[in-house]
Structure formats: structure tokens, C-alpha cells
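Working notes, beginning with the structure itself.
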Number of protein chains: 2
Amino acid sequence: MNTSYKSKSRQDYLKAILSLELKGNKITTTSISEKLCTKPASVTGMFKVLSDLELIKYQPYKGAKLTQLGRNEAISLIRKHRLWETFMVDYLGFGWDEVHEVAEQLEHVESKDLIDKLDAYMGNPPFDPHGDPIPDKDGNLTDSRRLIQVHTLQKGEVGCIQGVLGSNDTFLKHLGEFGIKMGLVFTVKKVFEYDGNFLVEFVGDDGVQREYSWSRKLVEQLLAEIN
Amino acid sequence: MNTSYKSKSRQDYLKAILSLELKGNKITTTSISEKLCTKPASVTGMFKVLSDLELIKYQPYKGAKLTQLGRNEAISLIRKHRLWETFMVDYLGFGWDEVHEVAEQLEHVESKDLIDKLDAYMGNPPFDPHGDPIPDKDGNLTDSRRLIQVHTLQKGEVGCIQGVLGSNDTFLKHLGEFGIKMGLVFTVKKVFEYDGNFLVEFVGDDGVQREYSWSRKLVEQLLAEIN
DNA sequence: AACGATATTTAGCCATGCCTAAATTTATTT
DNA sequence: AAATAAATTTAGGCATGGCTAAATATCGTT
């Protein structure tokens with residue numbers, strides 16, 4: 001019998017499961033093995049462990065789902081991850097494409113006091129550098145914003161970048177090269193008919209107004225708030 | 001053959017070895033097992049691993065010592081530990097008796113960039129909250145201060161608390177209850193003859209001058225700079 | 001120098017968490 | 001409904017890093 005869920009592996013599994021559950025996916029050994037770059041057989045073994053620990057409900061051949069305990073633990077990890085990313089970007093000067101991997105390590109540091117004090121030090125930021133909401137110290141994870149994908153915008157609409165879907169470091173770096181970052185306000189100048197590309201106008205850091213063509217693939221990943 | 005020294009266990013061994021070497025002790029399987037709360041037989045096994053990795057020189061039955069590579073790694077861990085402790089105390093509001101355990105976790109986060117940026121954010125502090133010197137980013141660990149143990153002071157001498165020997169959390173908390181902390185300036189009023197106890201005078205946070213009797217055991221652990 | 005005490009190493013075992021290959025269950029197709 | 005395909009589990013193995021018990025080396029004493 002296992003005695004604790006506080007192991008890096010187990011926590012990684014919980015996070016992976018929550019991530020897929022939030023996307024509405026079914027939690028299978030295959031889907032988790034893909035997410036964690038392991039093999040389905042390894043997942044079966046871990047599902048038994050997590051099930052014994054009452055972190056998930058697991059029915060062989062039928063899939064798994066988080067219990068309340070497991071969900072709480074997973075949300076705590078999300079909270080730590082996002083707060084550390086915020087700290088690294090807003091206080092230490094990292095780029096938003098440089099912090100994910102280190103946050104993956106920092107989120108496994110066990111100390112509720114530490115993360116709550118870090119949260120307070122930063123003034124309880126509601127969102128992380130990628131626009132994702134940060135759960136509060138009681139585990140509430142809500143996002144009252146109504147964000148829409150940029151590719152659904154029409155010509156003439158004004159949006160404000162507030163989030164990025166499925167962000168990986170390479171993509172974030174790519175966005176940075178286009179001058180795209182959190183809070184960027186832009187106007188849709190033209191939606192190219194043949195493939196949905198966008199011509200947008202925005203004001204850069206230097207106060208200079210710029211025009212850029214954003215590809216379909218790019219705008220599908222961008223979340224904006226519109227006025 | 002092992003491929004990396006970046007495992008928590010191996011790093012804990014390196015730190016333990018450095019710690020004993022600095023105290024001038026011989027590195028035996030028994031001494032390390034006591035330090036790490038394991039058994040000598042386990043240490044023998046790890047010594048072989050660390051030796052294969054060229055982190056230590058190990059002669060069976062004769063003891064071990066750090067190689068330059070092992071020493072560098074150990075010093076890097078000390079640097080991370082002390083910088084994180086400084087951050088927690090000076091920026092997040094932890095007490096100096098509350099940070100050791102969490103720093104033990106944080107020091108294993110692998111990112112030279114992170115720790116160098118944290119160092120810069122704090123303005124490259126030279127000492128941690130317990131008065132221990134913080135190695136710089138190139139691994140230089142020097143302490144040019146001439147600190148002396150308080151119990152060697154004479155009546156009438158003025159000292160400034162700059163360090164604590166062999167600090168554990170309980171002892172640090174105890175010190176805090178006596179109003180003792182880094183930078184405290186005090187005057188020796190009287191050295192009791194029968195057992196070396198001290199009567200000292202100092203000015204508290206509130207500006208009020210206080211007198212305290214410090215025990216022999218306590219002052220032996222305190223390092224001060226004298227004028 | 002030899003004895004006993006102490007320290008150290010070896011041998012063999014356990015748990016975690018990963019793997020591959022084989023067996024089994026479930027799903028799909030005809 | 002039976003056969004095949006796909007997903008999942010079981011079985012058995014490996015590496016890390018602990019453990020105990022037994023064997024062996026070193027040290028201190030006489």
C-alpha cells in the first residue's frame with residue numbers, strides 16, 4: 001500500500017489527468033501515456049497506485065477520473081506552476097517562453113506557506129504570463145472573462161490579447177517575434193478571404209503603429225477580449 | 001554506468017560531504033550515514049556511484065573526498081540554498097527559523113539562469129539570513145569577515161551579531177525569543193564568573209534599551225564582529 | 001603479533017516507476 | 001454472431017536508492 005501522493009511522478013499524472021478532463025477528454029491509459037511520454041502499460045500501473053490513494057476512480061478497461069482529493073491536489077499544482085511563472089516573468093525578467101520547464105520543477109516544492117506568501121508578495125495576480133487564470137489559495141479556479149479566439153473576429157473589430165491556447169515555448173517565442181504579448185491591443189484591418197489570414201494594426205512598445213499579417217494557425221491560438 | 005549527478009540523493013550526498021570537509025572531518029561511510037540518516041551500507045553504494053561519476057575520490061575502507069567537479073556542484077547547491085533562504089526571509093516575510101526545510105527543496109531546482117536572476121533581483125546579497133556567506137555565480141565562496149564567538153568577549157566590549165553556528169530551527173526560534181537577530185548590536189555588561197554566562201545590553205526594534213542574560217551554550221553559537 | 005572491537009563492504013532483498021512482450025478484453029466490421 | 005482490430009492489462013525485467021545480515025578489513029590493546 002502506498003502512503004503518499006507527494007511524489008513527482010504521481011503529481012505529474014494528476015496534472016495530466018486534470019488537463020485532459022478540462023478539455024472534456026476521456027482519461028485512458030493511451031491518452032495519458034501520450035501526454036506524459038510514457039507507455040500505456042506504465043499508466044495502468046500508476047492508475048492502480050493513484051486509485052489506492054483515492055486520488056482517482058479507476059475502472060479497468062473503462063478509464064479513470066479524478067476524485068475531489070485528486071482534483072484539489074492537481075489544482076494546487078496548477079496554482080504553484082502559474083504563480084512561479086508569473087514571478088519569473090514579472091519579477092526576474094524572464095521571457096514568457098522561458099519559464100515553463102523551470103516552473104515544472106518549482107511546482108513540486110511542497111510548502112503551502114511558501115506559495116501563499118509568494119502570491120501575496122506579488123499582490124495576488126489573477127492571471128499568469130500566458131493569460132491563464134491562477135487558482136486562489138482555497139483552490140478556486142474561475143475565469144469570468146469572455147475570451148474569444150482571434151480568428152473569429154471581423155474586419156474593423158478591436159481586440160486585446162488576453163490568452164494563448166496550447167502554448168509551447170517555440171510558439172510563444174514565435175509570437176514574441178511578431179510583437180504579440182499579453183495586453184496587446186490591435187485592430188483587424190483585413191481578413192484575407194482565401195485562407196482566413198489576418199492583417200492587423202497595433203501600436204508597439206515604441207509607440208509606433210505597425211501592421212502585421214497573422215496566419216490562420218496563429219490567430220486560432222490567440223484569445224482576445226473585445227470591446 | 002550512471003549518467004548524471006543531477007539526482008536529489010546524489011546532490012544530498014555531495015552537500016553532506018562538503019559540509020563535513022569544511023569542518024575538517026574525515027569522510028567515512030559512518031559519518032555520512034549519520035548526517036543523512038541512512039546506514040553505512042547505503043553510503044558505500046552511493047560512494048561507488050559518485051566515484052564513477054568522478055564527483056568524489058573513493059578508496060574502500062579509506063574514506064572519500066570531493067573532486068573539483070563534486071565540490072563545484074556542492075557549492076552550487078549551497079549557493080541556491082542560501083539565496084532561496086534570503087529570498088524567503090527578506091522578501092516573503094518568513095522567520096529565519098522557518099526556511100531551512102523549504103530551501104532544501106528549492107536548492108534542487110535545476111536552472112542556473114533562475115538562481116542568477118534571483119541573485120540579481122535581490123542585489124547580490126553577500127550573506128544569508130543566518131550570516132553565512134553566499135557563493136557568487138562563479139562559485140567563489142569567501143568570507144573576509146573576522147567573526148569571533150561571543151563567549152570570548154570581555155566585559156565592556158561591543159559586538160554586532162553576524163552569524164550563528166550549527167543553527168537548527170529550534171535554536172533559531174529560541175534566539176528570536178531573546179530578541180537576537182542578524183545585525184544586533186550589543187554591549188557586554190558582565191560575564192558571570194561561575195559559568196561564563198553573559199549579561200548584555202542592547203537596543204530593541206522599539207528603540208528601548210534592554211538587558212538580557214545569555215547562557216554559555218547560547219553565546220558559544222553566536223558569531224559577532226567587534227569594533 | 002594476535003586478539004577483540006569497530007568500521008566497512010558484500011550479498012541479497014524491497015519499493016518506485018519505468019520498459020517490452022504477451023495475454024486479454026473491448027470495439028468494430030462483416 | 002464471429003472474426004479481426006485496437007486498446008488495455010499482466011508478466012517479467014531494469015535502474016535507483018534504500019534496508020538487514022553476514023563477511024571482511026582495520027584499529028587499538030595487550
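Quick note: numbers below take in every heavy atom, side chains included, and nothing from hydrogens, waters or symmetry partners. Lettering of chains follows the sequences in order, A, B, ..., and the numbering in each one begins at 1. The structure presented is a predicted model; accordingly, all values stated were derived computationally and were not measured.
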Would you kindly give the [atom1]-to-[atom2] distance between [X] and [N], to the nearest whole Å?
{"X": "B:Lys8", "N": "C:dG17", "atom1": "NZ", "atom2": "P", "result": "15 Å"}
{"X": "B:Met46", "N": "D:dC19", "atom1": "CE", "atom2": "P", "result": "11 Å"}
{"X": "B:Gln11", "N": "D:dT16", "atom1": "CD", "atom2": "P", "result": "15 Å"}
{"X": "A:Leu53", "N": "C:dT16", "atom1": "CG", "atom2": "P", "result": "9 Å"}
{"X": "B:Asp12", "N": "D:dG18", "atom1": "CG", "atom2": "C1'", "result": "13 Å"}

Applying side chain to side chain contact (heavy atoms under 4.5 Å, CB included), name anything that partners [X], two or more places apart in sequence or on another chain.
{"X": "B:Asp132", "value": "B:Arg82, B:Asp128, B:His130"}
{"X": "B:Glu21", "value": "B:Ile17, B:Ile27, B:Lys65, B:Leu66, B:Arg71"}
{"X": "B:Leu184", "value": "B:Ile161, B:Ile180, B:Phe202, B:Trp214"}

From the set C:dG17, C:dT10, D:dT8, return the single nucleotide nearest to any side-chain atom of B:Thr44.
C:dT10
Check every atom of C:dT8, D:dT16, D:dT9 against the side chain of B:Arg10 and return the nucleotide holding the closest atom.
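The closest nucleotide is D:dT16.
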Is there a side-chain contact between B:Arg146 and B:Glu225 (heavy atoms, below 4.5 Å)?
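Contact flag for B:Arg146/B:Glu225 side chains = no.
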Salt bridge (charged side-chain N to carboxylate O under 4.0 Å, His left out) involving [X] - partner list, sequence neighbours excluded:
{"X": "B:Glu34", "value": "none"}
{"X": "A:Glu104", "value": "A:Lys15"}
{"X": "B:Lys35", "value": "none"}
{"X": "A:Lys26", "value": "none"}

Look at all strands and tell whether A:Ser9 reaches a base, only sugar-phosphate, or nothing, counting heavy atoms closer than 4.0 Å.
sugar-phosphate
Indicate, with a heavy-atom threshold strictly under 4.0 Å, whether B:Phe47 touches base, sugar-phosphate, or nothing.
nothing
Which protein N or O atoms sit under 3.5 Å from an N or O of nucleotides 22-28 of chain D?
| from | atom 1 | to | atom 2 | distance (Å) |
| --- | --- | --- | --- | --- |
| D:dA25 | O4' | B:Tyr61 | OH | 3.3 |

Is the closest basic N to carboxylate O distance between B:Arg79 and B:Asp119 below 4.0 Å?
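Salt bridge between B:Arg79 and B:Asp119, a charged N being under 4.0 Å from a carboxylate O: yes.
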side-chain hydrogen bond (donor to acceptor under 3.5 Å, both in side chains) filter on A:Asp169, not counting sequence neighbours, yields none
With sequence neighbours excluded, tell me which residues meet side-chain hydrogen bond (donor to acceptor under 3.5 Å, both in side chains) with A:Asp90.
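With neighbours one apart ignored, the set is empty.
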Five-pair end axes of the helix from C:dA1-D:dT30 to C:dT30-D:dA1, angle between them (10°):
10°
Of all of residues 20-39 of chain B, which get a heavy atom below 4.0 angstrom from DNA chain C, listed by number?
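Nucleic-acid contacts, sorted: B:Thr28, B:Thr29, B:Thr30.
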Ignoring backbone atoms, test whether A:Lys48 places a side-chain nitrogen or oxygen under 4.0 Å from the OP1 or OP2 oxygen of D:dT10.
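Yes, A:Lys48 has a side-chain N/O under 4.0 Å of OP1/OP2 on D:dT10.
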